[in-house]
Amino acid sequence: MGLFETIRSVFGTNAESDATRAADPEDLFGMSTAYMTMEADLGYDHAGEAALCFSGVDSTAFADAVDEVEAILDAGEAETGTGFHQHTDDHGYRWFVLEDDDPEDLVTSVHFAADTFVESGFGSRLLAAVFGFETDDRRAYWIYSFRRGAYYPFVPTGSSDRDERVEFKLQSVLESELDVEDDESYWYPLWPDASGDHPWE
Amino acid sequence: MEWSTDWGLRGRMAFTMFLLFALYLVFIAFLLETGMISMGGAIVFMGAFSFIQYYYSDKLALRSMGARTVEPDEAPELHRTIERLSQQADLPKPTVAIADTQVPNAFATGRNQRNATVCVTTGLLNTLNQDELDGVIAHELAHVKNRDVMVMTIASFLSTIAFFVVRWGWLFAGDDRNAPPVWVAIAVSLVIWMISFLLIRALSRYREFAADRGAASITGNPSALASALQRIDGRMDRVPSEDLRQEAEMNAFFIIPIRSGIIGKLASTHPSTERRIERLRDLERELETA
């Protein structure tokens with residue numbers, strides 16, 4: 001425990017300062033090369049979709065920020081053809097879901113959206129960026145946790161089980177190029193609502 | 001999304017801790033001066049006792065509440081709620097427990113973030129909607145994040161010893177003619193214990209305000225926690241008191257303490273619900289006007 005953390009503990013402000021700490025979306029660009037490695041070394045095709053998960057704030061300024069992200073993604077759609085839609089999951093968390101056959105465009109759009117949240121002062125509301133992959137028989141995800149500033153793999157089998165063996169394999173292959181969360185207790189699942197769906201469906 | 005720093009709250013917290021620290025220094029000086037430190041063995045014993053209590057705080061609290069830990073397949077929705085909020089709070093997922101009582105309440109315990117347990121009562125699950133439940137659980141996670149079990153254990157340690165002297169000091173009446181009579185030691189310890197008791201309770205109330213702010217930061221929705229507090233408070237008045245008596249000791253860890261007419265405002269572990277709601281409304285206002 002460092003000095004600042006000790007002081008924050010004394011004043012009971014750890015929760016507040018960590019929950020309001022802004023995210024750093026620059027790490028998202030690491031996914032560009034990861035997409036290639038996933039295909040070349042592991043045989044995973046990209047799922048053509050990626051998504052940004054965030055928790056809402058009960059305020060007008062936040063609604064404005066969401067509108068702004070929408071406007072930016074609209075502009076991006078006209079330019080690169082990256083489609084998008086919004087989704088609210090069963091837990092009340094909100095998603096921007098992006099669709100494109102070019103992974104590079106997916107990464108750029110997710111970064112744009114995340115950056116816009118940060119610029120509007122709501123970077124702390126970003127929970128995760130989720131990048132989808134698939135083979136013939138399974139789906140896998142790389143999740144970027146904005147709270148931790150690190151990636152972790154997520155391979156759901158059904159709607160409440162995960163294949164840890166495959167996850168560790170993904171970790172060991174991608175470890176050299178992605179900043180992978182080494183504490184597995186932070187590998188939070190983002191379960192799909194129904195088996196076989198994406199977490200954002 | 002950031003709130004302006006509540007310097008008043010920090011100032012009061014620092015001042016309380018300073019007073020407590022000064023008080024404890026006086027107490028230690030007194031023990032050394034009067035030779036009461038010969039009770040060293042007893043102090044070591046109390047220290048070990050406090051440590052064990054701290055180390056097993058999660059299990060002790062769960063047992064005294066009659067709560068049981070639940071696995072994800074038993075309570076999938078609750079687990080997912082806690083997962084998301086822990087993720088937002090940047091905490092490893094705590095153990096999840098449910099206490100089977102109609103009193104709507106929640107508490108968090110455990111010596112550190114890795115050994116934390118969040119417990120909710122079935123009454124809470126039945127009373128609140130999802131947003132309100134998020135607020136209450138975020139409040140408990142804020143306690144974990146702020147290390148409140150550790151802070152309160154350290155803050156109360158010497159107070160426990162003072163209490164021990166008050167209770168058992170007469171056993172240590174020695175033959176040493178130079179030492180002051182044991183009733184002096186007991187009287188001084190009693191004063192120290194009473195003052196430290198009030199200070200510790202004040203500190204506990206400030207930690208509640210801090211956890212409310214933490215919860216608002218985690219959920220981004222201060223008014224949901226406010227309405228949860230209001231709803232729990234309203235329900236509490238209607239619960240028969242027989243159920244409450246046995247739970248009185250657990251008060252310090254509850255989101256809202258159980259009412260008691262005898263305990264005054266100064267001795268209460270939690271600020272009044274009205275004041276907490278007022279503070280949450282301030283945060284809500286800040287969201288709209290900042």
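To find a chain, count down the sequence lines: A is the first, B the second, and so on, and within it residues start at 1.
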- Query: Do any N or O atoms from the side chain of B:Glu288 and from the backbone of A:Thr60 form a donor-acceptor pair under 3.5 angstrom?
  - Reply: yes
- Message: I need the A:Arg125 CZ to B:Ile218 CD1 distance, nearest 0.5 Å.
- Response: 9.0 Å
- Grab the two heavy atoms, one from A:Tyr186 and one from B:Leu91, that are nearest each other, plus how far apart they are. CE2-C, 3.4 Å
- Message: Looking at every non-hydrogen atom in both residues, tell me the closest pair between A:Asp58 and B:Asn221 and how far apart they are.
- Response: OD2-OD1, 3.5 Å
- Item | B:Asn146 side-chain N/O to A:Asn14 backbone N/O, donor-acceptor pair under 3.5 Å | yes
- Item | Most chain B-contacting option - heavy-atom pairs closer than 4.5 Å, from A:Gly92, A:Ser120, A:Ala19 | A:Ala19
- Query: Shortest non-hydrogen contact from B:Ser217 to A:Glu16?
  - Reply: OG-CG, 3.2 Å
- Query: Looking at A:Ala15 and B:Gly214, what are the two nearest heavy atoms and their distance?
  - Reply: CB-CA, 3.9 Å
- Task: Considering only heavy atoms and a distance below 4.5 Å, find which of A:Phe62, A:Phe122, A:Phe146 pairs most often with chain B.
- Result: A:Phe122
- chain A contacts: which residues in residues 76-88 of chain B have a non-hydrogen atom closer than 4.5 Å to it? B:Glu77, B:Arg80, B:Glu83, B:Arg84, B:Leu85, B:Ser86, B:Gln87, B:Gln88
- By a 4.5 Å heavy-atom criterion (distance strictly below it), what part of A:Asp161 contacts chain B: side chain, backbone, both, or neither? neither
- Query: Using non-hydrogen atoms only, which part of B:Ile154 is less than 4.5 Å away from chain A: side chain, backbone, both, or neither?
  - Reply: neither
- Task: Counting only heavy atoms closer than 4.5 Å, note whether A:Asp90 contacts chain B via side chain, backbone, both or neither.
- Result: neither
- Hey, what do you get for OH (B:Tyr206) to CZ (A:Phe11), rounding to the nearest 0.5 Å? 13.0 Å
- Message: Taking CZ in A:Phe168 as the centre, count heavy atoms belonging to other residues, nucleotides or ligands within less than 6.0 Å. Is the count above 12?
- Response: yes
- Message: Tell me the closest heavy-atom pair linking A:Val10 and B:Met13, and the distance in Å.
- Response: O-SD, 3.6 Å
- Query: Does atom CZ of B:Phe15 have more than 12 heavy-atom neighbours, drawn from other residues, nucleotides or ligands, at distances under 6.0 Å?
  - Reply: no
- Task: Could you grab the distance from atom CZ of B:Arg285 to atom OG of A:Ser59, nearest 0.5 Å is fine?
- Result: 14.5 Å
- Query: Does A:Asp137 CG have over 12 foreign heavy atoms under 6.0 Å away?
  - Reply: yes
- Message: For the interface with chain A, which of B:Ala155, B:Pro92, B:Ala211 has the highest count of heavy-atom pairs at distances below 4.5 Å?
- Response: B:Pro92
- Query: What are the two closest non-hydrogen atoms of A:Gly12 and B:Ala210, and how far apart are they?
  - Reply: O-CB, 3.3 Å
